[in-house]
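Inspection log for the structure reproduced underneath, given as structure tokens.
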Amino acid sequence: MGRTALVTGGASGIGQACAERLAEDGLSVVTADLAPGADLRLDVTSSAAVEEAAADLAVDVLVNSAGIIGPNKPFTEVADDEWAATFAVNVTGVFQMCRAFVPGMVARGWGRVVNVASIAGKEGNPNLAAYSASKAAVLGLTKSLGKELADSGVLVNAVAPAVIETPMNAATAPAVLERLVSLIPMRRMGTAHEVAELVAWLASDRCSFSTGAVYDISGGRATY
Ligand SMILES: NC(=O)c1ccc[n+]([C@@H]2O[C@H](COP(=O)([O-])OP(=O)(O)OC[C@H]3O[C@@H](n4cnc5c(N)ncnc54)[C@H](O)[C@@H]3O)[C@@H](O)[C@H]2O)c1
Ligand SMILES: O=S(=O)(O)c1ccc(CO)cc1
């Protein structure tokens, strides 16, 4: 029987490209998003909504791409609710999706989870403290689940993109984007399709001896 993938943040950017690429590989893909255009309207910050979705849907592949950039300002100016909102989507959302959907994968003996983190979670970015810290948390979660599930048939990995051309960056000031691109040895933004290619590999049988790992997709930035 064919496999089913669930892609959060699947209505836009990297999530949308992942959904398209996984469909090319023959998976049945369900996109989940707050925004219109997804197959399933889902707020990943709501544990009740996530549990309800998991009760209705068995998935073999989970791609956690839903995310927000959060406050772009000096850390001393970040308000409590801005910090909390960033962690609610970027960290708690990923945790809740894994907690709800991974047990089914374990019961069936096969699964792939791919978390979309960021180079910001490895390096930190000035004026993006909440975002950078949240993505570092996603890396910790990925490493922890990878080890916890290592003998279950379920592999959990993360990708760490540098700046990618997507709607997330539409509101970013050109000077900020220029600085982010200047950190990339290849001197360009990546595309969502380039990220999706790596995600598709991590979501497949072609990836078989890797778990709890972080894959940079960053034009040469931060390979440590
Ligand atoms: N674009 C970049 O430069 C870049 C770089 C590194 C990592 N990332 C990460 O890639 C992922 C995708 O980002 P993107 O660039 O495609 O952005 P995007 O804004 O195009 O897509 C993000 C999607 O997440 C959805 N979303 C936000 N909050 C949600 C919630 N509570 N529940 C469900 N869906 C929600 C949005 O509606 C949107 O459709 C994010 O996790 C982001 O942090 C992006
Ligand atoms: O992943 S990063 O290159 O650090 C990064 C930071 C901010 C933004 C938003 O414009 C995108 C990527």
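Every number for a ligand or one of its atoms is a count from 1 in the order of the listing.
Shortest contact from atom 13 (O) of ligand 1 to any protein heavy atom: Met168 CE, 3.8 Å. Summary of contacts: the protein heavy atom closest to atom 5 (C) of ligand 1 is Ala162 O, 3.3 Å. What sits closest to atom 29 (C) of ligand 1 on the protein, heavy atoms only, is Leu34 CD1, 3.8 Å. Taking atom 18 (P) of ligand 1 as the reference point, the nearest protein heavy-atom neighbour is Ser12 OG, 3.6 Å. Scanning the protein heavy atoms around atom 11 (C) of ligand 1, the nearest turns out to be Ser65 O, 2.9 Å. Considering only non-hydrogen protein atoms, atom 1 (O) of ligand 2 sits nearest to Ser118 OG, 2.6 Å. In terms of protein heavy atoms, atom 4 (O) of ligand 2 is closest to Asn125 ND2, 2.3 Å. Scanning the protein heavy atoms around atom 15 (O) of ligand 1, the nearest turns out to be Thr166 OG1, 2.5 Å. Looking from atom 3 (O) of ligand 2 to the surrounding protein, the closest heavy atom is Arg221 NH1, 3.1 Å. Counting only heavy atoms of the protein, atom 36 (C) of ligand 1 lies nearest to Asp33 OD1, 3.4 Å. For atom 9 (C) of ligand 2, the nearest non-hydrogen atom of the protein is Asn169 OD1, 2.8 Å. Nearest non-hydrogen protein atom to atom 7 (C) of ligand 2 is Leu128 CD1, 3.4 Å. Of all protein heavy atoms, the one lying nearest to atom 28 (N) of ligand 1 is Val89 CG1, 3.6 Å.
Residue-ligand proximity: Ala160 is placed with every non-hydrogen atom at 4.0 Å or more from ligand 2. Not a single heavy atom of Lys135 sits closer than 4.0 Å to an atom of ligand 2.
Atoms of ligand 1 lying under 4.0 Å from any heavy atom of Val116, numbered from 1 in the order shown and given with element: 9 (C), 10 (O), 11 (C), 41 (O). Counting the atoms of ligand 1 from 1 in the order shown, those under 4.0 Å from a heavy atom of Gly13 are 16 (O), 20 (O). The Pro161 neighbourhood of ligand 2 comprises atoms 1 (O), with distances under 4.0 Å to a heavy atom of that residue. Proximity to Ser118 (heavy-atom distance under 4.0 Å) selects the following atoms of ligand 1: 6 (C), 7 (C). Under a 4.0 Å criterion applied to the non-hydrogen atoms of Thr172, ligand 2 contributes the atoms 9 (C), 10 (O).
The distance criterion of under 3.5 Å between nitrogen or oxygen atoms is met by Tyr131 with respect to ligand 1. Taking any N or O of Pro161, backbone or side chain, none lies under 3.5 Å from an N or O belonging to ligand 1.
Considering each of Asp43, Ile14, Val7, the one bringing a non-hydrogen atom nearest atom 16 (O) of ligand 1 is Ile14. Considering Gly9, Gly67, Cys18 only, the shortest heavy-atom separation from atom 27 (C) of ligand 1 involves Gly67.
Heavy atoms of Ala120 found under 4.0 angstrom from ligand 1: none, in either backbone or side chain. Looking at Ala32 against ligand 1, nothing comes within 4.0 Å, counting heavy atoms. The proximity of Leu42 to ligand 1, defined as any non-hydrogen pair under 4.0 Å, is limited to the backbone. Under 4.0 Å from ligand 1, the heavy atoms of Lys135 that appear belong solely to its side chain. Residue contacts with ligand 1 for Val163 involve both N, CA, C or O and side-chain atoms from C-beta outward (heavy atoms, distance under 4.0 Å).
Other residues, nucleotides and ligands contribute only 12 or fewer heavy atoms inside 6.0 Å of the NZ atom of Lys147. More than 12 heavy atoms of other residues, nucleotides or ligands lie within 6.0 Å of CD in Glu51, so this atom counts as buried by the packing criterion. Around the CG atom of Asp56, the shell of radius 6.0 Å holds more than 12 heavy atoms that belong to other residues, nucleotides or ligands.
For Asn72 and Asn127, the side-chain atoms include no donor-acceptor pair closer than 3.5 Å. A side-chain donor from one of Asn115 and Thr142 sits under 3.5 Å from a side-chain acceptor of the other.
Once rounded to the nearest 0.5 Å, the distance linking CD1 of Ile14 with CD of Glu194 reads 11.0 Å.
Looking only at side-chain heavy atoms (C-beta outward), Leu180 and Arg221 come within less than 4.5 Å of each other. Residues Leu42 and Val50 are in side-chain contact: their nearest non-hydrogen atoms beyond the backbone lie under 4.5 Å apart.
Using a 4.0 Å cut-off between a side-chain N of Lys or Arg and a carboxylate O of Asp or Glu, Glu165 and Arg188 do not qualify as a salt bridge. Asp25 has no carboxylate O lying under 4.0 Å from a charged side-chain N of Arg3, or vice versa, which leaves the two without a salt bridge.
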